[in-house]
Amino acid sequence: MRIFIYLPIGIPFILSIITLVLGEKIKRKLINILTLLSILSASIVCLLCFVSPGNYYSSLFYYNKLSGYFLLTAVIGLITTLIYQYNTKENNRQNYFINLYMQLGTGLLCGVFSARNNYVVYIIFAMTTVLSYLIIISGGINKTNEDNTVKPASYKFIYCFCTSIILLFIGILILYLQSQSGDTEINKDIFGAGYFFVILGFSAAVCIFPLHSWNAETGYRKNIIEYTLINTILSKAGFYCIIRFFYYNSFPFQIKQTWAYSAWIVLAVISVIINSSMAYRVKSQKKKFAYLTAAQLSYIMIGLAIGNDQTFTGALSHLLFSTVIFSGLFICSGIFFENKSDSELYNKNGVIKIKSNPAVLCCYILLSLSAAGMPLFCGFQSLWQIAYGAFESGFGILNWITPVSLLYSSLVVIICLLSPLANNFLKEDKKEESETSQNNMLSKSVKPVMFLLIILTLSSLVLGINGGVFITFIKNII
């Protein structure tokens with residue numbers, strides 16, 4: 001069993017070495033098969049974590065149901081990205097680096113989700129951020145923009161994540177040194193400072209204020225495949241690390257016993273408000289998607305920060321639900337906006353051009369309603385758990401501010417995602433409609449993407465209608 005524990009980590013790295021040896025001239029189908037094998041290795045471990053949890057362990061790594069659940073959310077995002085990427089016309093260099101990043105990212109995610117102590121988690125998380133930076137500055141450069149796309153995205157990213165790693169190191173060092181001292185009661189406030197530094201350190205990975213600015217810049221400058229990959233890998237790793245550090249540690253004081261607990265909740269609520277407000281304010285549709293994604297991640301952060309049974313269950317539920325919803329929305333946005341500058345996205349009346357296959361438009365509308373937390377959709381189930389749990393949490397004015405911020409964010413989602421669609425039909429231009437239909441990205445070669453989009457849309461409905469069953473499943477994981 002101890003040999004098996006290393007396979008899901010080792011197989012992706014072995015396959016990535018094969019990819020590196022073959023170089024950029026490797027055939028498209030072969031590199032996609034290697035990437036698929038990497039993801040399948042994680043999928044098998046995910047299944048075993050639910051069937052036989054706790055039986056696979058070593059001195060450094062250990063798999064349980066929580067590991068399997070996070071692997072499940074990551075696999076959904078990675079498979080979606082792989083299928084979409086295979087059916088689009090990326091050049092060989094882009095295709096090569098995207099697949100290489102998926103292979104290495106899969107191995108690192110397996111390492112993060114199975115790390116047995118916090119220090120191994122920190123090291124692997126730091127390696128994940130370095131890998132994400134490499135994909136930004138290397139082959140995955142969006143060639144469609146005339147300006148230099150690498151510098152703005154890479155500068156923001158390296159600033160946020162260098163700060164993140166430094167703050168994490170300081171926070172972990174404070175917690176470790178104080179836990180070794182004898183008189184812990186005197187150092188209770190110092191423990192709070194250590195926890196607060198750790199919160200700030202992980203804020204970059206999960207797009208939480210104040211280190212969230214890289215997200216919108218990367219979403220705007222990079223193509224949809226690269227942005228989705230970076231966001232999927234970093235956010236899943238970041239949230240798992242947060243749960244490990246704050247709920248599964250052996251320090252003398254837990255975070256709820258320190259002042260950092262209240263600060264954590266305040267930062268999460270501020271992040272929802274800021275990301276939602278920026279999504280409403282910016283004109284670029286690509287940036288709107290990036291800010292809305294960050295707002296969804298802030299919902300999860302609120303649930304984890306408050307940390308009672310309902311909010312914690314809602315946060316873990318929303319981790320999967322948001323993956324399903326935004327995987328579908330990213331496919332739609334790729335069909336609508338990919339390889340187009342902002343000037344190409346709007347007609348002469350200033351209305352965004354969203355003309356596509358009726359099935360795509362239908363999926364887009366349903367997924368947008370789910371992202372806004374409308375009843376009968378999965379988004380409603382998780383948001384209700386978080387909002388109701390926050391209302392019952394006993395934090396005074398935050399009892400009211402937190403649900404109101406979630407409601408405000410839901411309204412922004414509807415405005416940002418559905419109002420361009422409504423305006424597009426109200427101010428229809430027949431000439432532009434015919435031109436758009438001729439240039440529609442959804443071609444006969446993208447049938448697998450269409451099939452995947454329909455599955456994701458139906459999943460959001462099924463998970464919403466059977467939300468009670470899934471919530472019970474989540475409670476058994478905790």
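- The shortest distance between side-chain heavy atoms of I300 and S322 falls below 4.5 Å.
- Atom CG of residue L104 and atom CD1 of residue I17 lie 9.0 Å apart, to the nearest 0.5 angstrom.
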Please table the atom pairs, donor to acceptor, closer than 3.5 Å between any side-chain atom in residues 72-82 and protein atoms at least two apart or in another chain.
residue : atom : partner : partner atom : Å
T73     : OG1  : F70     : O            : 2.7
T80     : OG1  : I76     : O            : 2.8
T81     : OG1  : G77     : O            : 2.7

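- For residues 377-390, the pairs satisfying side-chain hydrogen bond (donor to acceptor under 3.5 Å, both in side chains) are H318-S382, with sequence neighbours left out.
- Judged purely by atom type and a 3.5 angstrom limit, Y247 uses its side chain to pair as donor or acceptor with the backbone of L304.
- For the pair Q296 and V413, the minimum side-chain heavy-atom distance is below 4.5 Å.
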Intermediate values then yes/no, side chain to side chain contact (heavy atoms under 4.5 Å, CB included), I18 and L15: CA-CA 5 Å; I18 295 173; L15 295 174; 4.3 Å; yes
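- Residues L329 and L292 are not in side-chain contact: their nearest non-hydrogen atoms beyond the backbone lie 4.5 Å or more apart.
- Here CG of L234 is found 3.5 Å from OG of S132. Values are rounded to the nearest 0.5 Å.
- Within the structure, side-chain hydrogen bond (donor to acceptor under 3.5 Å, both in side chains) pairs that include any residue of residues 406-416 comprise S276-S409, S277-Y408, Y299-S409 (at least two apart or interchain).
- Closest of all the heavy-atom pairs between C207 and N275 is O-ND2, 3.5 Å.
- When side chains are defined from C-beta on, L267 counts as touching L200, because their heavy atoms get closer than 4.5 Å.
- Separation of atoms OG1 (T293) and OH (Y291) is listed at 12.0 Å; rounding is to 0.5 Å.
- Between N231 and L297, the closest side-chain pair of non-hydrogen atoms falls below 4.5 Å.
- Of the possible polar contacts, one joining the S405 side chain to the T402 backbone as a donor-acceptor pair under 3.5 Å is found.
- How far CG of D309 is from CD1 of I474: 13.5 Å, rounded to the nearest 0.5 Å.
- Closest non-hydrogen pair, L453 versus G328, comes out as CD1-O, 3.4 Å.
- Here the closest non-hydrogen pair linking I124 and L108 is CG2-O, 3.5 Å.
- Here the closest heavy-atom approach between residue S235 and residue V206 is recorded as O-CG1, 3.9 Å.
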For Y96 and L20, run side chain to side chain contact (heavy atoms under 4.5 Å, CB included): C-alpha distance rounded to whole Å, both residues' side-chain angles, the deciding distance at 0.1 Å, then the answer. CA-CA 9 Å; Y96 176 78; L20 285 169; 3.6 Å; yes
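- A distance-only check finds no donor-acceptor pair linking the side chain of S164 to the backbone of C160 [under 3.5 Å].
- I365 CD1: more than 12 foreign heavy atoms inside a 6.0 Å radius.
- From C378, atom SG reaches atom CG of L463 across 5.5 Å, with rounding to the nearest 0.5 Å.
- Within 6.0 Å of atom CZ in F13, more than 12 heavy atoms from other residues, nucleotides or ligands are found, so the atom counts as buried in its surroundings.
- Rounding to the nearest 0.5 Å places CG of L406 at 6.0 Å from CG of L383.
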Output, in order, the C-alpha distance, side-chain angles, deciding distance and verdict of side chain to side chain contact (heavy atoms under 4.5 Å, CB included) for F125 and L168. CA-CA 10 Å; F125 177 77; L168 269 176; 3.7 Å; yes
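- No side-chain heavy atom of I306 sits less than 4.5 Å from a side-chain heavy atom of F312.
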Enumerate donor-acceptor pairs with a distance under 3.5 Å from any side-chain N or O in residues 33-41 to protein atoms, sequence neighbours excluded.
residue : atom : partner : partner atom : Å
T35     : OG1  : I31     : O            : 2.9
T35     : OG1  : N99     : OD1          : 2.7
T35     : OG1  : Q103    : NE2          : 3.1
S38     : OG   : L34     : O            : 3.2
S41     : OG   : S38     : O            : 2.5

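- For Y69, there are no ring pair (Phe, Tyr, Trp, His ring centres under 6.0 Å) partners, not counting sequence neighbours.
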Y84 vs F330, test: ring-ring contact (aromatic ring centres under 6.0 Å, His included). Steps then yes/no. CA-CA 10 Å; Y84 179 77; F330 280 132; 9.8 Å; no
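- Remark: the backbone N or O of F113 is not paired with any side-chain donor or acceptor of R244 at under 3.5 angstrom.
- The closest side-chain heavy-atom distance from Q85 to N32 is below 4.5 Å.
- Annotation: side chain of S67 is in contact with side chain of N64 (closest heavy-atom distance under 4.5 Å).
- When ring centroids are compared, F245 and F202 come within the 6.0 Å threshold.
- The ring pair (Phe, Tyr, Trp, His ring centres under 6.0 Å) test applied to F470 returns F321, F473, not counting sequence neighbours.
- Heavy atoms only, all atoms of each residue included: T128 and I233 are closest at CG2-CG2, 3.6 Å.
- When only modelled atom types and interatomic distance are considered, Y364 and T457 share no side-chain donor-acceptor pair under 3.5 Å.
- Of the possible donor and acceptor atoms, one in the side chain of K288 sits under 3.5 Å from a partner among the backbone N and O of V282.
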Please test I9 against S114 for side chain to side chain contact (heavy atoms under 4.5 Å, CB included), starting from the C-alpha separation and ending with a verdict. CA-CA 9 Å; I9 304 170; S114 62; 3.9 Å; yes
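- Side-chain atoms of T163 come within 3.5 Å of backbone atoms of Y159 as a donor-acceptor pair (strictly under, hydrogens ignored).
- Shortest non-hydrogen contact noted between G105 and L131 is N-CD2, 3.7 Å.
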